[in-house]
Structure formats: structure tokens, C-alpha cells
Amino acid sequence: MAYAQPHPRLSVVSNSSLSSVDHLSPTTSSTRFSLPSAPSLHGAASIVKAGPNRPNIYERNLNKTRGAEVSGAAFAFLFSEIVQYTQKRVSGINDLERQLNTLGYRIGTRVIELMVWRAEGSSKTPKREIKLISVLMMVHTQVWKAVFGKPADAIERSVENPDEYMIIDNDPPIERHISVPRDMSQLSCSSFTAGIVEAVLDGLSFPARVTAHNTPNPQFPNRTTILIKLEKSVLDREELLK
Amino acid sequence: MAIYGLWVINKAGGLVYQRNFADGLAPLTSNEYLVLAGTLHGIHAITSRLSPVGSSSGVQVIEGETFKMNILLTVTGTKFVLLTSLAETTADTVLQKVYDIYSDAVMKNPFHTPEMPIRSEGFDTRVGTLIGTGQT
């Protein structure tokens, strides 16, 4: 199983596809993916166009959420390029899904940090979710709202396996314009979302393996299930807390 | 009033999408469609240089005795062609909506290669919902 080896969380380029990356990119992977360097006082204007009334992105208030939404169309184009870029550098659907998961993971770590800061930062009695059910509900409602602007449609517990939970989205915004060709029907681009969920759960010390699966029905052809398989340690701890 | 067919022609003159809706047109082989699309591409290039007053975007409607050919040229050079009956008045809005759907379901789809034939389920479904069987 791929997960037996250390998950390449913090490097986008997985070890398995290093050879293909090497000949495709002349630069090293770390420079390809590095974030724009934080602007120095002198260089700020040249990197981000900051007008008098428009502070640049590094100086914006973290708690200000109104008007901070990004354009759905712009995101759709970006995500489409991400999928195409990733697809060129992997071998097979599983590898592609794992890579998207890794990319989502990097977002998830930031989502949980920002969400906790916004919700608890100004609170006099900051708290942290420690119960499994409230953590899952938080993912279902707050994380989805923070990332997609709407709560997920359902959350279910697997009947057969007590360590499996499912979050269901009837129409995932990131997949709205994507038509997966028939020969790749296994692929779910929501692996990206699964990565976000995995990072959030990890960040709250609920380690789990999260995967995405297409579960279409006649009414919602894009319906997607995010399957959360919790690690045993989480369930053992839940027992102790009861 | 009826919408007979829809073509999408890429900027090189290749037919990347062709679909019939209502009956009423002579059935053609896929090769003949390709030839017609290429010819139309050439005619369109000529008509855009024929205008006696300044520049022109090229032919927009070709009318025959039994049908009308409505052409929408986008800024990127892709052409949308709608074959309709003479009485059809909604062609312009339908073409605009098809262009909307194309931008969403084709251009934002990571599995589509630009300038190649359109094989996107989302585009098929949404065009189907828009035009239906072609009868208004």
C-alpha cells in the first residue's frame, strides 16, 4: 500500500514520479513551487500592486472575510490547469489522485490554522474540539463553508466499518465543470477536497486516511463521497473519553 | 420554427463538434461535414475582407430557401454555427448561450485539449437541455 511509506506531505513532487519530473523540469522542484517571497519594504510595490486603498495581500486583515471570496471561474481555470499539470507528471489514476490529495493537504493545513484563528482568536475562552463527532460536524459545516461557501450535504457513518465516516457533497463546486472521460471513470478530482479534510483532521489530532469516490445518482450526476477512515488510535481514545 | 443542427469550428477551420437536433436536413457523412466546415471557414475569411466600408467581422447569416445558417465568431476565432429554419428568431440568443456553455463545460474541463474534437459529457448534456429536440 502506498500509505505504508511516509506520505510525501510537504513536498508536492512525490518520490514515485521523480524520474518523470526530472526530465520535464529543468529547475529543481523546490523553486518551482516556492511561494512568492515575502515582500521587503522596498520591493513591495513591484510584487503586488498596492494602491492607496488596497493593502497588499500580506497586510490584509486575517479576520476580514467579507469580499474575500475568489472568482469561481478563475478558480475553475486554475484547478483545471492543476489537474492537467499533475496528470502529465504521474503514472496512472491512483498516482494522480494521491498527488491531488497532497496538494489539497497543503491547503488544509492553512484552512485549519485560519479557521481556528478566526473562530477562537478573539475568544476569552478559546476551546479545541476533542470529540470525534463534533470534529466531523465541524468539517461538514465549517470547513466546507470556509472553503466552498456552503455546508456539505450529508454526513454518514459506515454500517460495516465503525472506523469509516462519509461526507457527501451533491454538487462539489470544484468538479462542476469537469467531465471525466470514460476510460478514467475511476478518477475523482475531489481527491483534492479529501486532502483538505485529511489535513484538517490531522491538525486536530484525528489522523485518518481520506479518499474521494464518485457516487452519482440520477438527480446529482456529480455526487461525491469523501470517505474518512480513521486510525485505530483515534477510536481507542474515543473509548477512553466516554 | 426549428433548430436543425449545431457546429463548432476551431480557429484552424476544423470541425470539432457537430450535432443534429430536429430532422429536416439531408443526412451527411462525417467526412462531408468536415469538408463543409472547412469551406465555410474559407468563405468566412473572404467575407471578412469584402466590406466596402472599413473592417468587418465576416458573414453572420447565410439564408437559403429552406434554412438559415447563423454564425457566431468569438474573439478567439472559434466559430459557432447554428442551422435553423427561416422563421427561427432565437438563433442569436441560443448561440450566445452555447458559447457560455462552451466556456464553462469545455474550456474549464482539464480533460479537453484545445482545438481538438469536443468529447465532454457536460457540454453534451447542457447543450441538450438548452436546445432539446430542436422544436420550440
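Note on naming: letters A, B, ... go to the chains in the order of the sequence lines (proteins, then strands), and numbering restarts at 1 for each one. Everything numeric here is computed off the predicted structure, so don't read it as measured data.
- Along residues 61-69 of chain B, no residue comes nearer than 4.5 angstrom to chain A, judged on non-hydrogen atoms.
- For a heavy-atom cut-off of 4.5 Å, chain B lies close to no residue in residues 213-225 of chain A.
- The 12-atom threshold is exceeded at CD of B/Glu32, counting heavy atoms of other residues, nucleotides or ligands nearer than 6.0 Å.
- Atom NZ of A/Lys150 sits in a crowded spot, with more than 12 heavy atoms from other residues, nucleotides or ligands closer than 6.0 Å.
- Scanning residues 109-125 of chain B against chain A with a 4.5 Å non-hydrogen threshold yields B/Asn109, B/Pro110, B/Phe111, B/Ser120, B/Glu121, B/Gly122, sorted by number.
- Residues of residues 169-184 of chain A having a heavy atom under 4.5 Å from any heavy atom of chain B, listed by number: A/His177, A/Ile178, A/Ser179, A/Val180, A/Pro181, A/Arg182, A/Met184.
- In this structure the side chain of B/Met107 reaches within 4.5 angstrom of the side chain of A/Phe77, judged on heavy atoms.
- Residue A/Lys229 qualifies as enclosed at atom NZ: its count of foreign heavy atoms under 6.0 Å is above 12.
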